[in-house]
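Taking it in order: structure first as structure tokens, then the write-up.
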Amino acid sequence: MSVLRPLIFESGKLRVLDQRELPTKEVYLELETAEEVFEAIRSMVLRGAPLIGVAAAYGVVLAAQEILQKTREPLTVQEELLEVISRLRQSRPTAVNLQWALDRMTRVVQTGLASTDWVIQLLQEARAIEDEERARCEAIAQHGLALFERPLRVLTICNTGRLATPGIGTALGVIYQAHEMGKIRHVWVPETRPWLQGARLTTYELQNAGVPFTLIVDSMAPVLMAQGEVDLVIVGADRIARNGDTANKIGTFALALAAHQFGIPFYVAAPLSSFDLSLETGAGIPIEERGAQEVLGWGACRTAPPNAPVLNFAFDVTPGAWITGFITESGILTPPFSPSSKPFADQ
Ligand code: MRU
């Protein structure tokens with residue numbers, strides 16, 4: 001299988017695979033400024049909670065390169081970097097990984113470095129974030145194996161794999177690992193309207209990896225559950241509150257509701273960087289609302305009258321009570337989650 005690299009920082013530039021073009025074209029864009037990174041995240045050139053956190057971290061490195069061409073005065077550099085960080089924070093609102101990665105970059109900026117060290121220190125931190133997120137994916141996949149006593153038919157949503165993280169993925173990482181152990185009977189892949197992460201990206205990944213799957217329209221998932229065709233649901237997460245309420249791709253709520261109805265285990269696979277323990281419940285999670293064009297058609301093809309009113313929430317919040325467990329790099333957890341208890345206290 002060709003190893004997909006959704007993002008590569010080299011020679012002072014961030015090369016990103018343009019996911020808007022997949023699966024028909026593999027096009028890499030070269031980003032040279034923090035503003036280009038902001039725009040790439042906002043317009044979903046790259047997406048997926050862990051990946052946008054890593055991209056934003058590299059965006060801060062690009063900003064340091066830009067700023068240092070104008071000034072080397074430490075206080076000015078620091079101030080301008082903090083401004084860039086607050087801009088990058090606004091590129092997408094729901095995934096907490098973005099905020100978490102930028103919090104880490106902020107701490108480096110705030111240490112008040114000697115001006116020659118800015119790029120080196122920031123690059124070191126961005127690379128550490130990327131490497132740690134990659135390692136977390138591996139650990140999540142290993143812990144997820146505990147769910148597979150026998151080969152299972154798994155349903156997932158959106159794209160949570162190599163295109164959504166710097167590693168093998170979260171929910172899809174578990175599926176890859178289980179497949180390697182001969183424990184995947186089948187994967188059901190809902191299209192994931194309107195952006196079609198399932199149809200365009202997850203199918204592309206699974207096909208490359210030789211994992212057996214079937215693409216379905218979103219509304220078919222509960223029917224398959226009712227027919228006994230689904231043994232397990234595993235999804236990713238963009239933000240998890242202390243009580244386990246979980247924001248993830250729109251459609252996750254409906255899957256969890258159906259799984260709850262039919263007694264099917266429903267797991268969230270996510271790194272600890274996806275937990276927002278400042279929030280008691282999911283009510284406080286900001287839900288991104290995206291433009292009408294995503295729903296009115298695809299590309300140049302219009303499927304609805306141009307001025308039809310549209311409501312387009314990119315994410316929903318699944319009640320923690322419907323979630324069987326959270327597969328993390330520290331094992332399978334259940335709520336409530338507390339900053340003072342394991343594994344969060346160790347972070
Ligand atoms: O809008 P997207 O494509 O960024 O949404 C992605 C998801 O909802 C994923 O499930 C989530 O970010 C986890 S990715 C490992």
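Along the sequence shown, the residues carry numbers beginning at 1. When reading the values below, keep in mind they use all heavy atoms of this one structure, side chains included, and skip hydrogens, waters and symmetry mates.
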Using residues 328-339 as the side-chain source, report each donor-acceptor pair under 3.5 Å to any protein atom, sequence neighbours left out, with the distance given to one decimal.
{"from": "T328", "atom 1": "OG1", "to": "S330", "atom 2": "N", "distance (Å)": "2.9"}
{"from": "T328", "atom 1": "OG1", "to": "G331", "atom 2": "N", "distance (Å)": "3.4"}
{"from": "T328", "atom 1": "OG1", "to": "G331", "atom 2": "O", "distance (Å)": "2.8"}
{"from": "E329", "atom 1": "OE1", "to": "L272", "atom 2": "N", "distance (Å)": "3.0"}
{"from": "E329", "atom 1": "OE2", "to": "R136", "atom 2": "NE", "distance (Å)": "2.8"}
{"from": "E329", "atom 1": "OE2", "to": "L272", "atom 2": "N", "distance (Å)": "3.1"}
{"from": "S338", "atom 1": "OG", "to": "S340", "atom 2": "N", "distance (Å)": "3.1"}
{"from": "S338", "atom 1": "OG", "to": "S340", "atom 2": "OG", "distance (Å)": "2.9"}

Pairs under 3.5 angstrom only: tabulate donor-acceptor contacts from the side chains of residues 224-233 to other protein residues two or more places apart or in another chain.
{"from": "D231", "atom 1": "OD1", "to": "R153", "atom 2": "NH2", "distance (Å)": "2.8"}
{"from": "D231", "atom 1": "OD2", "to": "R153", "atom 2": "N", "distance (Å)": "2.7"}
{"from": "D231", "atom 1": "OD2", "to": "R153", "atom 2": "NE", "distance (Å)": "3.1"}

Full working for side chain to side chain contact (heavy atoms under 4.5 Å, CB included) between I67 and V77: CA-CA 6 Å; I67 294 165; V77 176; 4.2 Å; yes
Begin with the C-alpha distance, continue with both residues' side-chain angles, and end with the deciding distance and a verdict on ring-ring contact (aromatic ring centres under 6.0 Å, His included) for F344 and F275. CA-CA 9 Å; F344 301 98; F275 287 73; 5.1 Å; yes
Take N97 and S273 through the side chain to side chain donor-acceptor pair (under 3.5 Å) test and state the conclusion after the steps. CA-CA 5 Å; N97 314 59; S273 54; 3.3 Å; yes
Checking side chain to side chain contact (heavy atoms under 4.5 Å, CB included) for the pair R127/F9: CA distance, chi angles, key distance, verdict? CA-CA 9 Å; R127 288 213 193 280; F9 189 89; 3.8 Å; yes
Under the criterion side chain to side chain contact (heavy atoms under 4.5 Å, CB included), I'd like the reasoning laid out for E26 against L17: C-alpha separation, chi angles, the key distance, then a yes or no. CA-CA 7 Å; E26 280 185 17; L17 180 59; 4.2 Å; yes
What do the steps show when you test L98 against S91 for side chain to side chain contact (heavy atoms under 4.5 Å, CB included), and what is the final call? CA-CA 9 Å; L98 178 72; S91 52; 3.6 Å; yes
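Side-chain atoms of Q19 do not come within 3.5 Å of backbone N or O of M44 as any donor-acceptor pair. Put simply, the side chain of N159 never gets that close to the backbone of Q197: no donor and acceptor are under 3.5 Å apart. Under the 3.5 Å distance criterion, the side-chain polar atoms of T160 are left unmatched by any main-chain donor or acceptor of T170. Side-chain N or O atoms of E133 include none that pairs as donor or acceptor with a backbone N or O of T165 at under 3.5 Å. The backbone N or O of A126 sits nowhere less than 3.5 Å from a side-chain atom of E130 that would complete a donor-acceptor pair. Side chain of D218 to main chain of E191: a donor-acceptor pair is present (N/O by atom type, distance under 3.5 Å, no hydrogens or angles). No donor-acceptor pair under 3.5 Å is formed between the side chain of S11 and the backbone N or O of K13. A donor-acceptor distance shorter than 3.5 angstrom exists from the side chain of T24 to the backbone of E21, with no hydrogens or angles considered.
The salt bridge (Lys or Arg N to Asp or Glu O under 4.0 Å) analysis of residues 272-287, with sequence neighbours excluded, yields the pairs R239-D276. For residues 170-187, no residue pair satisfies the salt bridge (Lys or Arg N to Asp or Glu O under 4.0 Å) rule, not counting sequence neighbours. Among residues at least two apart or in separate chains, salt bridge (Lys or Arg N to Asp or Glu O under 4.0 Å) pairs with a member in residues 91-109 are R89-D103, R92-E288, R104-E125, R104-E132. For residues 248-274, no pair satisfies salt bridge (Lys or Arg N to Asp or Glu O under 4.0 Å), with sequence neighbours left out.
Under the 4.5 Å side-chain heavy-atom criterion for grouping Ile, Leu, Val, Met, Phe, Trp and Tyr, V96 is not connected to L46 through any hydrophobic cluster. In the hydrophobic clustering of this structure, V16 groups with I41; members are Ile, Leu, Val, Met, Phe, Trp, Tyr whose side-chain heavy atoms approach within less than 4.5 Å, directly or through other members. Linking Ile, Leu, Val, Met, Phe, Trp and Tyr residues whenever their side-chain heavy atoms come within less than 4.5 Å leaves L255 and V189 in two separate clusters. In this structure, L31 is a member of the same hydrophobic cluster as L81, with clusters built from ILVMFWY side-chain heavy atoms closer than 4.5 Å. I168 and V268 fall into different hydrophobic clusters, where Ile, Leu, Val, Met, Phe, Trp and Tyr residues are linked whenever their side-chain heavy atoms come under 4.5 Å apart, directly or through other members.
Rounding to the nearest 0.5 angstrom, the gap separating the CG atom in L155 from the NE2 atom in H186 is 10.0 Å. With rounding to the nearest 0.5 Å, the separation of SG in C158 from CG in N248 is 6.5 Å. Of the inter-residue distances, the one linking E10 atom CD with E30 atom CD reads 8.0 Å to the nearest 0.5 angstrom. Interatomic distance, CG of L22 versus CG of L163, reported as 6.0 Å (0.5 Å rounding). How far CG of L206 is from CG of L215: 10.5 Å, rounded to the nearest 0.5 Å. The line from CD of Q99 to CG of L88 is 10.0 Å long, rounded to the nearest 0.5 Å.
Scanning for salt bridge (Lys or Arg N to Asp or Glu O under 4.0 Å) contacts around E80 gives K70, with sequence neighbours left out. Partners of Q293 according to the side chain to side chain contact (heavy atoms under 4.5 Å, CB included) rule, which considers only residues two or more places apart in sequence or in another chain, are L296, R302. With sequence neighbours excluded, no residue satisfies ring pair (Phe, Tyr, Trp, His ring centres under 6.0 Å) with F213.
Side chains of T94 and D238: no donor on one and acceptor on the other come within 3.5 Å.
Both the sub-6.0 Å distance and the 45° axial angle are satisfied by R200 relative to the ring of W195.
Salt bridge annotation for K342-D346: present, with a cationic side-chain nitrogen under 4.0 angstrom from a carboxylate oxygen.
Crowding of E79 atom CD: a count of heavy atoms from other residues, nucleotides or ligands under 6.0 Å not exceeding 12.
Counting heavy atoms from C-beta on, the side chains of Y176 and V211 come closer than 4.5 Å. Under the 4.5 Å side-chain criterion, counting only non-hydrogen atoms from C-beta, V187 is not in contact with P212. Side chains of V84 and F38 form no contact here, defined as non-hydrogen atoms less than 4.5 Å apart. Residues Y58 and L122 fail the side-chain proximity criterion, which asks for heavy atoms closer than 4.5 Å. The shortest distance between side-chain heavy atoms of D245 and T318 does not fall below 4.5 Å. Between R72 and W118, the closest side-chain pair of non-hydrogen atoms is not below 4.5 Å. Using a 4.5 Å heavy-atom cutoff, the side chains of I184 and P151 are not in contact. Between V108 and V60 the shortest side-chain heavy-atom distance does not fall below 4.5 Å.
Its side chain within the 4.5 Å cluster rule, I250 clusters with L279, I285, I287, L311, F313, F315, V317 among the Ile, Leu, Val, Met, Phe, Trp and Tyr residues. Other members of the cluster containing F253 are L257, W322, with ILVMFWY side chains joined at under 4.5 Å, either directly or via other members. Other residues sharing a hydrophobic cluster with L145 under the 4.5 Å side-chain heavy-atom criterion for ILVMFWY residues are M181.
Screening E294, E289, R193 for a side-chain hydrogen bond (donor to acceptor under 3.5 Å, both in side chains) involving N312 leaves a single residue, E294.
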